[in-house]
Amino acid sequence: MINPQSVVLFSLALFCIGIYGVLVRRNLLFILISIEIMLNAVAVLFIAAGSYHDHVDGQLMYLFILTLAASEVAVGLGLIIQMYRRSLSLDVDQLSHLHD
Amino acid sequence: MINLLFYLAATVALMAAILTVTRHNAVHALLYLIVTMLAISLIFFLFGAPFAAALQIIVYAGAIMVLFVFVTMMLHQGELSTRQEAQLYRPSQSLGAIVLSLILLLEVVYLLSVPERWLSSQQMTPISAKQIGITLYSSYILLVEIAALLLLTALIGAFHIARRHQEGAS
């Protein structure tokens with residue numbers, strides 16, 4: 001029997017690593033990778049809750065998180081390709097010139 | 001024993017995630033991210049969710065990571081961009097983010113240390129793919145349709161955004 005507190009702590013630590021990546025990195029690709037880590041942290045929590053309550057719903061929510069992650073990655077990578085074509089760099093600070 | 005396995009997998013996942021967000025080379029970061037996905041898949045297995053564990057490897061470590069690696073190779077992330085990224089990312093400038101994350105972490109650690117039995121301590125039984133399928137296509141049929149719509153929207157959106165625009169089109 002795995003201690004529920006340690007599962008929540010693990011998921012929280014993974015989520016905080018993802019937040020750190022989103023806040024610190026200025027490369028758009030690394031921001032997308034960090035968002036993936038955050039989605040995985042939430043998925044761990046869903047699966048753990050579903051198995052502690054002996055219920056199917058946790059794994060169903062995992063399926064929908066997977067769908068969401070696939071869509072998000074497809075659109076995000078499209079945006080990355082388009083940004084690289086326009087500015088030959090993935091620095092998000094350069095996006096502040098969008099209003100020109 | 002299952003506790004030891006869980007702690008080992010969790011440690012591996014956390015270390016790999018930390019290494020993922022601190023690498024300068026994008027391909028190294030993606031390989032560390034795959035390690036994270038595999039450790040998380042092991043954790044799913046320990047929780048009695050073999051279907052989710054298989055999906056984690058097939059979809060995340062397989063399909064999504066291949067997409068990432070293809071785009072990374074398209075973008076010529078070679079020696080020059082590694083040096084450029086080393087200039088962009090300095091750990092000393094990330095102190096604020098570390099402090100913010102630590103405050104959040106300490107808050108929830110304090111909340112969890114309050115002695116209250118808030119989850120029942122029953123044994124974990126595996127949930128089979130058959131149960132998931134029956135529930136998915138009976139009471140969650142609307143969510144399946146919404147997911148299909150979401151995937152279609154993402155397909156059209158990704159195609160439109162990543163398309164190369166013609167020169168005299170506008």
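Nothing here was measured: the structure is a model prediction, and the numbers come from that model. Per chain, numbering begins at 1; letters A, B, ... match sequence-line order.
- Between I127(B) and H55(A), the shortest heavy-atom distance links the atoms CD1-O, 3.2 Å.
- At a 4.5 Å heavy-atom cutoff, the contact between F10(A) and chain B is made by backbone and side-chain atoms alike.
- Using a 4.5 Å cut-off between heavy atoms, M61(A) contacts chain B through its side chain alone, with no backbone atom that close.
- With respect to chain B, the highest number of heavy-atom pairs below 4.5 Å among N40(A), L79(A), I33(A) belongs to N40(A).
- In this structure, L33(B) CG and F30(A) CZ are separated by 10.5 Å, a value rounded to the nearest 0.5 Å.
- Residue Y7(B) touches chain A through its side chain alone, counting heavy-atom pairs closer than 4.5 Å.
- With a 4.5 Å cut-off on non-hydrogen atoms, L67(B) touches chain A through its backbone and its side chain both.
- Contact annotation: the side chain of V21(B) approaches that of I37(A) to within less than 4.5 Å [non-hydrogen atoms, C-beta and beyond].
- L38(B) and L8(B) fall into different hydrophobic clusters, defined by Ile, Leu, Val, Met, Phe, Trp and Tyr side-chain heavy atoms under 4.5 Å apart, directly or through other members.
- Counting all heavy atoms, side chain and backbone alike, I47(A) lies closest to A52(B) at CD1-CB, 3.5 Å.
- Of all heavy-atom pairs between S71(A) and L151(B), the closest is OG-CD2, 3.7 Å.
- If you measure heavy-atom distances from V22(A) to chain B, you find no contacts under 4.5 Å at all.
- Between Y84(A) and M74(B), the closest side-chain pair of non-hydrogen atoms is not below 4.5 Å.
- For A49(A), no part sits under 4.5 Å from any heavy atom of chain B, backbone or side chain.
- Between Y60(B) and L39(A), the closest side-chain pair of non-hydrogen atoms falls below 4.5 Å.
- Note on I31(A), N3(A), L63(A), I80(A): by heavy-atom pairs under 4.5 Å with chain B, the leading option is L63(A).
- Residues passing the side chain to side chain contact (heavy atoms under 4.5 Å, CB included) test with L45(A) are V8(A), S11(A), sequence neighbours excluded.
- The closest side-chain heavy-atom distance from L55(B) to Q59(A) is not below 4.5 Å.
- L42(B) forms part of no hydrophobic cluster, judged by ILVMFWY side-chain heavy-atom separations under 4.5 Å.
- Interface remark: of the candidates I146(B), T20(B), T36(B), T20(B) forms the most heavy-atom pairs closer than 4.5 Å to chain A.
- Taking 4.5 Å as the limit, some side-chain heavy atom of V7(A) sits within range of a side-chain heavy atom of F6(B).
- No more than 12 heavy-atom neighbours from other residues, nucleotides or ligands sit within 6.0 angstrom of CZ on F45(B).
- Of the atoms belonging to I40(B), it is side-chain heavy atoms, and not backbone ones, that fall under 4.5 Å from chain A.
- Interface residue L68(A): backbone and side-chain heavy atoms are both found under 4.5 Å from chain B.
- The nearest pair of heavy atoms linking A74(A) to A158(B) is O-CB, 3.6 Å.
- Note on A148(B), A29(B), A10(B), G157(B): by heavy-atom pairs under 4.5 Å with chain A, the leading option is A10(B).
- Interface remark: of the candidates I18(B), L143(B), I134(B), L143(B) forms the most heavy-atom pairs closer than 4.5 Å to chain A.
- The closest side-chain heavy-atom distance from F44(B) to V44(A) is below 4.5 Å.
- When all heavy atoms of R85(A) and R163(B) are compared, the pair lying nearest together is NH1-O, 3.6 Å.
- In this structure, L149(B) is not a member of the same hydrophobic cluster as I65(A), with clusters built from ILVMFWY side-chain heavy atoms closer than 4.5 Å.
- Cluster membership check: L32(A) does not share its hydrophobic cluster with L19(B), using side-chain heavy-atom separations under 4.5 Å among Ile, Leu, Val, Met, Phe, Trp and Tyr.
- Taking the side chain as every heavy atom from C-beta outward, Y140(B) and D57(A) approach each other to under 4.5 Å.
- Cluster membership check: L23(A) shares its hydrophobic cluster with M38(A), using side-chain heavy-atom separations under 4.5 Å among Ile, Leu, Val, Met, Phe, Trp and Tyr.
- Residues L29(A) and T72(B) form a side-chain contact, since some pair of their non-hydrogen atoms from C-beta on lies under 4.5 Å apart.
- The two residues A13(B) and L14(A) make their nearest non-hydrogen contact at O-CD1, 4.1 Å.
- No continuous path of ILVMFWY side-chain contacts below 4.5 Å connects F64(A) to V75(A), so the two sit in separate hydrophobic clusters.
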